[in-house]
Amino acid sequence: MKMLIRRSNPVLLKDSEAAQRPTVLKPKGFTLIELLVVIAIIALLAAILFPVFARARENARKSSCANNLKQIGIGLTQYTQDFDETLPRSGDSGWHGEDPGDGSSANSSWRQRIHPYIKNTQVFICPSNTQGKNVSDANGPGGPAINRSYLINANIYRNNWVGQGLSISVVQAPSSRIQVIDGSGDGFNGVYWNPEWDGGLSGRGFAGHLSTMNILFMDGHVKALRPTATLTPNMWGKGNGSSCGGAFDNENRINCTTIDSSIQSAMDGLTARYP
């Protein structure tokens with residue numbers, strides 16, 4: 001018994017001493033330096049990744065816009081099949097253009113004329129273009145109210161006063177002739193644009209898809225190009241057809257490849273707006 005008691009005493013003493021010692025708590029959380037290092041790392045990663053995410057998001061919007069234009073191209077093709085291969089009127093009924101308060105069929109725009117073949121007004125809104133929030137075509141007998149993000153090439157009409165569409169057989173090189181573009185609310189009556197008229201009207205175009213603009217060509221394909229790339233060759237045609245051997249409102253102007261200072265200035269200005 002004595003041996004057992006003696007052997008147990010040291011253990012009891014040690015436990016008693018341990019109970020009397022103060023408990024030392026280890027510090028929890030980050031020190032200030034550690035916290036600053038973590039914040040610096042997060043800021044660095046954000047600076048690297050945010051532009052990548054923004055570019056990926058814009059690429060997605062660019063693809064959505066291109067799909068819109070493809071649908072518009074299908075609508076235009078179906079329209080021409082039903083109307084003796086003739087493109088729809090622009091909607092610009094004389095110099096007064098389309099009255100925003102008048103939705104009659106006489107003043108319905110090219111968008112409203114092809115809407116029955118598309119049946120979706122959202123197709124006419126580019127997800128990247130803030131001008132898509134603006135209504136261009138009034139609701140009425142001529143068609144539903146449609147917002148504007150796209151402008152049609154003015155050179156695919158017989159003249160500028162009545163806006164009668166050309167026969168598609170007139171177009172000699174449809175794969176390099178512009179039909180519809182990414183545009184802005186600054187277009188003539190929100191309907192069309194011809195950069196040859198005035199080089200200072202570069203604001204009528206939109207090249208916000210990573211400095212490119214989506215373009216629907218006469219053959220139905222869609223391609224994203226820098227504005228200045230539309231001049232090699234001139235894909236617009238020329239409003240002043242006299243420089244191509246005809247009058248201002250001759251049907252051949254869509255085939256003209258002459259580049260003058262106005263077209264060059266418009267494309268340079270549009271490129272500068274979206275560097």
Side-chain angles (χ1 to χ4, degrees), residues 65 68-69 71-73 75-76 79-80 83 86-118 121-126 129-166 168 171 177-198 200-206 213-218 230 235-239 248-249 251 253-254 262-263 266 270:
C65 174
N68 287 347
L69 284 171
Q71 294 300 314
I72 290 172
L76 285 165
Y79 181 96
T80 59
F83 289 88
T86 301
L87 291 162
R89 295 171 65 95
S90 67
D92 173 25
S93 305
W95 287 111
H96 296 293
E98 182 185 6
D99 183 355
D102 181 3
S104 67
S105 59
N107 289 338
S108 59
S109 73
W110 62 272
R111 288 176 288 249
Q112 290 172 318
R113 291 174 187 272
I114 67 173
H115 177 262
Y117 302 94
I118 299 176
T121 58
Q122 293 299 311
V123 167
F124 298 94
I125 301 175
C126 170
N129 191 346
T130 57
Q131 292 294 336
K133 300 177 182 178
N134 299 328
V135 176
S136 176
D137 306 327
N139 183 38
I146 298 179
N147 292 26
R148 59 170 174 239
S149 291
Y150 306 107
L151 298 178
I152 205 161
N153 183 5
N155 286 327
I156 64 175
Y157 296 105
R158 288 192 176 93
N159 56 53
N160 294 302
W161 291 274
V162 293
Q164 295 174 337
L166 289 178
I168 57 176
V171 184
R177 300 288 93 189
I178 291 174
Q179 188 170 26
V180 180
I181 64 161
D182 264 327
S184 75
D186 207 15
F188 191 73
N189 299 305
V191 175
Y192 54 63
W193 181 37
N194 175 13
E196 188 272 338
W197 290 338
D198 188 338
L201 299 178
S202 60
R204 293 187 175 182
F206 176 77
M213 58 194 303
N214 279 325
I215 300 172
L216 169 67
F217 289 87
M218 292 295 298
T230 62
M235 301 175 182
W236 296 89
K238 187 166 170 56
F248 179 78
D249 56 353
E251 294 187 358
R253 61 184 181 161
I254 183 61
S262 293
I263 297 179
L270 185 54

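None of these values were measured; they are calculated from a predicted model.
Remark: Leu76 CG to Ile114 CD1 distance equals 4.0 Å, nearest 0.5 Å. Atoms CZ and NZ, from Arg253 and Lys238 in turn, are 11.5 Å apart once rounded to the nearest 0.5 Å. Distance check: Arg177 CZ to Ile156 CD1 gives 12.0 Å after rounding to the nearest 0.5 Å. Arg148 CZ to Ser109 OG: the interatomic distance, rounded to the nearest 0.5 Å, is 11.0 Å. Between the CG atom of Asn214 and the SG atom of Cys126 there is a distance of 7.0 Å, given to the nearest 0.5 Å. Separating the CD atom in Gln179 from the CH2 atom in Trp110 is a distance of 8.5 Å, to the nearest 0.5 Å.
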Going through the checks in order, is the side chain to side chain contact (heavy atoms under 4.5 Å, CB included) test met by Thr230 and Ile263?
CA-CA 10 Å; Thr230 62; Ile263 297 179; over 6 Å; no
Please report the C-alpha distance between Leu270 and Met213 in whole Å, then the side-chain angles of each, then the deciding distance to 0.1 Å, and finally whether the side chain to side chain contact (heavy atoms under 4.5 Å, CB included) criterion is met.
CA-CA 10 Å; Leu270 185 54; Met213 58 194 303; 3.9 Å; yes
Using the side chain to side chain contact (heavy atoms under 4.5 Å, CB included) rule, take Ile215 and Met235 through it: C-alpha gap first, then chi angles, then the decisive distance, then the call.
CA-CA 10 Å; Ile215 300 172; Met235 301 175 182; 5.6 Å; no
Intermediate values then yes/no, side chain to side chain contact (heavy atoms under 4.5 Å, CB included), Phe124 and Asp137:
CA-CA 11 Å; Phe124 298 94; Asp137 306 327; over 6 Å; no
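When every heavy atom of Pro88 is checked against every heavy atom of Arg113, the shortest pair comes out as CB-CD, 3.9 Å. Scanning both residues, Ile72 and Ile118, for their nearest heavy atoms gives CA-CD1, 3.9 Å. Heavy-atom minimum distance, Ala145 versus Val135: CB-CG1, 4.2 Å. In terms of heavy atoms, Ala266 sits closest to Pro195 at CB-CB, 3.7 Å. Closest heavy-atom contact between Gly183 and Asn129: O-ND2, 2.5 Å. Heavy-atom minimum distance, Gln71 versus Val123: CB-CG1, 3.9 Å.
Formation of a donor-acceptor pair under 3.5 Å by the Glu196 side chain with backbone atoms of Ser262 is not found in this model.
Using a 4.5 Å heavy-atom cutoff, the side chains of Tyr157 and Asn194 are not in contact. Put simply, the side chain of Leu87 does not reach to within 4.5 Å of the side chain of Ile152, judged on heavy atoms. Between Ile178 and Asn155 there is no side-chain heavy-atom pair separated by less than 4.5 Å.
Remark: Asn68 engages Tyr150 in a side chain to side chain donor-acceptor pair (under 3.5 Å) (not counting sequence neighbours). Every residue two or more places apart in sequence or in another chain was checked for a side-chain contact (heavy atoms from CB on, under 4.5 Å) with Pro116, and none qualifies. In this structure Trp236 satisfies the ring pair (Phe, Tyr, Trp, His ring centres under 6.0 Å) test together with Trp193, sequence neighbours excluded. Qualifying ring pair (Phe, Tyr, Trp, His ring centres under 6.0 Å) partners for Phe206, counting only residues two or more places apart in sequence or in other chains: His209, Tyr274. Contacts of Tyr117 classified as ring pair (Phe, Tyr, Trp, His ring centres under 6.0 Å), with partners at least two apart in sequence or in another chain: none.
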